[in-house]
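In what follows, chains carry the letters A, B, and so on, assigned in the order in which the sequence lines appear, proteins first and then strands, with residues in each chain numbered from 1.
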Amino acid sequence: MKKRLRMNSSLTEYLEGTLFIAPWLTGFLVFMAFPIGYSLFMSFQNVTITASSTTTEFIGWTHYRTILFENGSILYNDLLPFLRQALFMIPIIVIFALLIAMMLNQPFAGRTLFRAIFFLPVILATGEVVKEFLMQGEGELGFMAKYNVSGIIGAYLSPTWSTPLISILNSFVLILWYSGVQILIFLGGRQTISNSAYEAARIDGAGPWETFWKITLPAMTPFIFLNMIYTVVDLFTFPTNPILQRVRESEYGQYSALIWIYFAIISVFLALIFYVFHLATKPQRASR
Amino acid sequence: MLGTKLDKLTKTRRSELPQLLDRARWKIIGREADKGLLFKCFIYLILLDAAYIYLKPVFHMLATMLKNPGDLLDPSVKWFPNTLYLGNLQEAWEWLKYPKALGISLTLSLSVAVLQTISCAVTGYAFARLKIPFKRLLFGCLLLTFIVPMQVTILPNIIYARELGMLNTIYPIIVPAFFGLGLKGALFVIIYRQFFSTQPKELEEAARIDGAGVFKIFYKVMMPLARPAILVVFLFSFVWTWNDFYLPSMYLSDIETAPLSMGISRIASALRQQAEVYGPSVTDEAIRMATTFLMIIPPMLLYLFTQRWFIEGVERTGLVE
């Protein structure tokens with residue numbers, strides 16, 4: 001009797017849970033799972049769309065072969081510079097955001113005002129507005145031209161690497177604009193470290209420098225990881241991204257193949273971050 | 001006798017001097033480094049620099065927008081125009097068909113924000129507290145929706161919309177929000193999940209003992225608690241939908257139904273065409289800036305009024321894991 005009742009109650013709990021998740025699951029199946037499958041399907045097809053109907057014809061790996069080997073201009077011209085730039089931008093964005101978040105966490109006069117200013121990018125930095133701001137030449141740093149930094153970099157590095165580096169320095173302001181949400185995440189994350197840890201460290205005579213490396217940074221590792229992922233996703237799915245702008249409403253088959261190749265590249269990036277994070281937290285987990 | 005006194009005196013002197021030095025050092029570097037003068041200056045320097053970078057384009061926008069053609073040509077007028085000229089704003093207003101586009105933008109962003117705030121809360125609560133079969137697998141699916149670029153699913157979704165005759169309506173953008181998906185929906189679910197899982201379990205247990213069902217617990221106990229998370233999600237959702245121009249450019253290509261976010265690119269291309277025919281005009285940039293201004297002013301106002309609670313909310317939610 002008692003056992004049956006317990007089983008029933010656990011069954012009800014499962015039912016309630018299912019009921020709560022049902023809307024999202026439906027949406028996921030309809031708007032995510034099926035479209036993902038369908039776009040994968042389309043990438044192997046020759047799709048022709050007329051006003052009344054859609055016809056598809058299986059052509060195997062043709063689209064992939066065209067994009068990867070035959071007509072390189074579709075992918076490589078935009079992709080390679082973008083990837084190289086992303087490789088620089090991701091760590092810069094994360095480190096900058098961490099720095100600013102740590103500073104905004106200090107008590108000082110005018111903190112509220114500064115916080116309000118630093119959340120501006122969250123409000124504005126989506127899509128067209130930033131592009132508009134950058135078009136007025138506000139994206140450049142004055143000292144670049146003054147000290148001929150790009151000339152120096154160009155002299156010491158091969159052009160493959162110096163070009164993205166210079167373009168990053170040129171668009172440094174853009175990097176700052178991209179780091180709004182990351183600052184928020186770090187600020188939120190900093191609140192999860194209890195003050196008693198800092199007090200204990202202070203009593204033990206640890207300086208601020210040691211405190212940062214021994215307490216703040218290890219506790220922030222999950223947030224750094226999260227920010228890395230967020231930055232990668234954000235950078236790679238930003239609408240002004242050169243590859244994504246190619247996905248337009250024509251040539252359904254070929255663009256599906258293109259976006260799948262692109263998605264595979266994003267996955268590699270994410271897997272790499274996961275792996276690095278796994279390595280980085282190994283000592284932490286072992287000591288626990 | 002005298003020798004010992006002198007000795008004592010020099011001893012005190014010797015011990016006083018380092019003390020004085022120490023005190024000065026504490027004043028400048030600070031006993032805990034975050035309280036010293038030097039550190040404070042350093043912080044202010046960096047923060048002011050970054051703040052300047054953030055604010056400069058905004059001020060530039062405001063200044064350029066209010067210049068009349070004479071001021072635009074005059075290189076001595078940089079930040080403060082001689083007269084406040086509203087012609088650019090007027091022109092941008094007409095180009096944009098402002099009242100109508102504003103209405104569309106408001107309808108779109110408000111409905112997406114409201115729907116996402118509710119549906120993501122439901123989903124987040126389920127992930128945080130309820131028993132769900134295959135929970136890990138489903139959470140994996142949630143993360144998948146986070147990392148899959150919109151562009152993977154956009155073409156099939158357009159086919160959906162066309163089959164259902166919903167192109168050039170706002171429904172294809174709103175309906176996914178109803179199900180807790182849509183623009184960055186996964187992020188909002190994760191925010192809620194994080195928030196709910198930090199709440200004490202005793203609350204629900206007490207409510208359960210009092211005989212409340214899971215729905216009652218959700219909207220009588222959990223939702224009122226979740227106010228900071230609700231504010232954060234609502235504001236993010238509103239602002240991101242407002243600024244997004246990718247989805248509208250896919251679904252709402254018709255001029256009559258275009259929201260404000262598409263206005264900038266439309267005006268830019270219109271001005272470019274005009275420049276090709278008549279040559280570039282001095283007011284081009286001013287008009288573009290006025291357009292930008294008209295576009296960002298509603299979310300800016302919203303942010304201005306909610307920013308205090310918003311920042312608190314971000315800290316209280318711990319935002320994400």
For Met295(B), is there any backbone N or O sitting under 3.5 Å from a side-chain donor or acceptor partner on Trp242(B)?
yes
Sort Thr145(B) into side chain, backbone, both or neither according to what part of it lies under 4.5 angstrom from a heavy atom of chain A.
both
Per-residue contact mode, Val30(A) against chain B (heavy atom under 4.5 angstrom)
both
Hey, does the side chain of Tyr160(B) reach the backbone of Pro172(B) with a donor-acceptor pair shorter than 3.5 angstrom?
no
Given that the side chain runs from C-beta out, which part of Phe34(A) has a heavy atom under 4.5 Å from chain B: side chain, backbone, both or neither?
side chain
If one checks every heavy atom of Leu15(A) against chain B at 4.5 Å, the contacting part turns out to be neither
Interface residue of largest heavy-atom contact number with chain A, from Ile147(B), Leu47(B), Val189(B), under 4.5 Å:
Leu47(B)
Less than 4.5 Å to any heavy atom of chain A: does that hold for the side chain of Leu142(B), its backbone, both, or neither?
both
Is the centre of the Phe274(A) ring less than 6.0 Å from the centre of the Phe225(A) ring?
yes
Please report the shortest heavy-atom distance between Glu16(A) and Arg208(B), naming the atom on each side.
OE1-NH2, 3.8 Å
Would you please indicate yes or no on a ring centroid separation below 6.0 angstrom for Phe20(A) and Phe127(B)?
no
Just give me the residue among Pro176(B), Pro299(B), Cys120(B) that pairs up with chain A most often, heavy atom to heavy atom, under 4.5 Å.
Pro176(B)
To the nearest 0.5 Å, tell me how far Leu226(A) CG sits from Phe186(A) CZ.
8.5 Å
For Phe114(A), which atoms come within 4.5 Å of any heavy atom of chain B: side chain, backbone, both, or neither?
side chain
Does any N or O in the side chain of Ser119(B) come within less than 3.5 Å of the main-chain N or O of Gly180(B), such that one atom is a donor and the other an acceptor?
yes
Could you check, using the six-membered ring where one of them is a Trp, whether Tyr251(B) and Tyr171(B) have ring centers closer than 6.0 angstrom?
no
Does any heavy atom of chain B fall under 4.5 Å from the side chain of Leu19(A), the backbone, both, or neither of them?
side chain
Examine whether an atom of Leu48(B) lies under 4.5 Å from a heavy atom of chain A, and if so say whether it belongs to the side chain, the backbone or both; otherwise answer neither.
both
Applying a strict 4.5 Å limit to non-hydrogen atoms, the region of Phe178(B) in contact with chain A is neither
Aromatic rings Phe263(A) and Trp260(A): how do their planes relate, parallel, tilted or perpendicular, breaks at 30° and 60°?
perpendicular
Measure Ile266(A) against the heavy atoms of chain B and call it side chain, backbone, both or neither at under 4.5 Å.
side chain
Phe238(B) versus chain A, the contacting section by heavy-atom distance below 4.5 Å
neither
